[in-house]
Amino acid sequence: MSFVDQRAEAVIAHLTGAGYARCEPPILQPASIFFDSGEDLRGQLYLTSDLSGADYCLRPEYTIPVLIGYLATESAGRRARFSYCGPVFRFLPGRPSEFTQAGIESFGRPDREAADAEILALALEAAGAAKQHQAAPSRLIVRIGDAGLFSRLLEALDLPPQWCRRIARGHGQGKSLDTILSPGLNGTDHSGVLGVLEGADKHGARALVEDLLSIAGVAPAGGRSPGEIADRFLEQAALKAGSGFSAEKRAVIEQFLGVEGDPDKASTQLRALAAGANLDLSAVLDSFDKRLGFIAAQGLDATRLRFAARFTGNLDYYTGFVFEAHEQGAAEPAIGGGRYDRLPQTLGADKPTAAVGAAIWIGRLSRAGAAP
């Protein structure tokens, strides 16, 4: 049995032993379900189509397929826990495109902060189980963040929707605030089109852009429809007007993104920042503190946790607590996960459903260990 197979067996045994039933969605998946997961993932898909013209891809990750399977059962909306372990496929320049991923997903738990802590602790324990025969396993350093906290900050600043979307999207792509707030669309001058659209009726302007794209024979790219491309132009037209974004609001965002370090101290800093800017972040910060309490109750060493306000996860579906774990100096995390409460309804759930999970990249455990 290979090194990866041995580690995979140890990880999945630990996860199923903790009560997370194993499931294995098909390797061939409808491509469309991954198109809104973020620019990085969309650009890594291995795509194909059948004779009917339907688009498919090789499974690039487990969270969405596991969630869709759960929503198709009679248990949808109720508490359920799943684990998985198998191959996933992504185009990664200079690296193997097939690798083994294990993980867990928890659905329907109303005690969100406790569920977050359990998922984090269990993922670390499973990684540690894979290293149990190593004489001196290293300990993973854990970085935590909160996508919901960042979203609430933008809401509290009362920014126009187009600015909120632009900042959230650009931040998720790892762009600096200066780059996000600079004018232009992908570095290209569209001033002629934007000038026509600026201040125009939204429905009429959208129809105009769709017609122009159709006349020009522009086909959907990267999973975007002509309507979605039109909406991007309209957003750029609104941003070109430059309304609703003051230097004071920009300064608050910059201060927020600079907060990092010990989670308890970070909470104090964030509360002071909110009070100084007259922003109501009390509910989301209370949830933040409550989660830290549950993490401590799981027996995790607080010195292993480092909070970074700028860390909100690299997938668009994250809505709250996010985390990743890596060995000191490692370029890539061995574990990553977080909360994605909006995704179930996006994929067809008839009511809000709590959802949180974690992925473990088996091949990255060769230098990492994780006993709590």
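This one's a predicted model, so the numbers in the text were calculated from it and none came from an experiment.
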Parallel, tilted or perpendicular, as decided by the 30° and 60° cut-offs, for the rings of Phe150 and His171: tilted
Parallel, tilted or perpendicular: rings of Phe82 and Phe107 (30°, 60°): tilted
Have [X] and [Y] got a donor and an acceptor in their side chains that come within less than 3.5 Å?
X: Glu118; Y: Ser106; answer: no
X: Glu105; Y: Tyr62; answer: no
X: Tyr46; Y: Ser97; answer: yes
X: Asp289; Y: Ser267; answer: yes

Under 3.5 Å, side chain of [X] to main-chain N/O of [Y], donor-acceptor pair present?
X: Glu61; Y: Ile64; value: yes
X: Gln298; Y: Leu300; value: no
X: Thr346; Y: Arg342; value: yes
X: Asp280; Y: Ser282; value: yes
X: Thr319; Y: Asp341; value: yes
X: Ser75; Y: Arg78; value: no
X: Arg59; Y: Pro25; value: yes
X: Arg143; Y: Ala308; value: no
X: Arg112; Y: Ala355; value: no

Just wondering, do [Y] and [X] contact through their side chains at under 4.5 Å, heavy atoms?
X: Ser49; Y: Asp55; answer: yes
X: Cys85; Y: Gln101; answer: no
X: Phe323; Y: Ile119; answer: yes
X: Leu67; Y: Tyr340; answer: yes
X: Arg291; Y: Ile295; answer: yes
X: Arg306; Y: Val142; answer: no
X: Leu153; Y: Leu270; answer: no
X: Phe256; Y: Leu149; answer: yes

At what distance, to the nearest 0.5 angstrom, does [atom1] of [X] lie from [atom2] of [Y]?
X: Ile360; Y: Arg7; atom1: CD1; atom2: CZ; answer: 12.5 Å
X: Arg310; Y: Ser176; atom1: CZ; atom2: OG; answer: 12.5 Å
X: Gln269; Y: Asp264; atom1: CD; atom2: CG; answer: 11.5 Å
X: Leu120; Y: Ile144; atom1: CG; atom2: CD1; answer: 8.0 Å
X: Asp116; Y: Ser287; atom1: CG; atom2: OG; answer: 7.5 Å
X: Thr63; Y: Phe34; atom1: OG1; atom2: CZ; answer: 9.5 Å

In the single-linkage hydrophobic clustering (I, L, V, M, F, W, Y; side-chain heavy atoms under 4.5 Å), do [X] and [Y] co-cluster?
X: Phe294; Y: Val284; answer: no
X: Leu281; Y: Leu257; answer: yes
X: Trp163; Y: Leu177; answer: yes
X: Leu47; Y: Leu92; answer: yes
X: Leu122; Y: Leu124; answer: yes

Heavy-atom pair of closest approach, residues [X] and [Y]:
X: Gly77; Y: Lys351; value: CA-CE, 3.9 Å
X: Ala102; Y: Ile362; value: CB-CD1, 4.0 Å
X: Ala127; Y: Leu140; value: CB-CD1, 4.4 Å
X: Leu45; Y: Ala31; value: CD1-O, 4.5 Å
X: Tyr318; Y: Ala147; value: O-CB, 3.8 Å
X: Leu71; Y: Ala349; value: CD2-CB, 3.8 Å

Evaluation steps, side-chain hydrogen bond (donor to acceptor under 3.5 Å, both in side chains), between Gln345 and Thr353: CA-CA 7 Å; Gln345 284 188 286; Thr353 302; over 6 Å; no
Side chain to side chain contact (heavy atoms under 4.5 Å, CB included) assessment of Val322 paired with Phe311: CA-CA 8 Å; Val322 291; Phe311 174 49; 3.8 Å; yes
Salt bridge (charged side-chain N to carboxylate O under 4.0 Å, His left out) assessment of Arg339 paired with Asp146: CA-CA 9 Å; Arg339 178 159 292 280; Asp146 196 324; over 6 Å; no
Residue pair Leu159, Lys249: steps toward the side chain to side chain contact (heavy atoms under 4.5 Å, CB included) verdict: CA-CA 9 Å; Leu159 297 175; Lys249 292 178 180 180; 3.6 Å; yes
Stepwise side chain to side chain contact (heavy atoms under 4.5 Å, CB included) check, Leu365 with Val11: CA-CA 11 Å; Leu365 293 176; Val11 167; 4.2 Å; yes
Geometric cation-pi criterion, Arg81 with Tyr20: 6.0 Å, 45°: yes
Between Phe89 and Phe99, ring centroids under 6.0 Å: no
Intermediate values then yes/no, side chain to side chain contact (heavy atoms under 4.5 Å, CB included), Thr48 and Leu28: CA-CA 9 Å; Thr48 187; Leu28 193 63; 4.2 Å; yes
Atom CG of Asp50 with >12 non-hydrogen neighbours under 6.0 angstrom: yes
Test salt bridge (charged side-chain N to carboxylate O under 4.0 Å, His left out) applied to Arg271 and Asp286, step by step: CA-CA 10 Å; Arg271 288 184 185 277; Asp286 288 346; 2.9 Å; yes
Check ion pair Arg22-Glu24 (N to O, under 4.0 angstrom): yes
Worked verdict on Glu98 versus Arg90 for salt bridge (charged side-chain N to carboxylate O under 4.0 Å, His left out): CA-CA 7 Å; Glu98 176 183 348; Arg90 298 186 193 178; over 6 Å; no
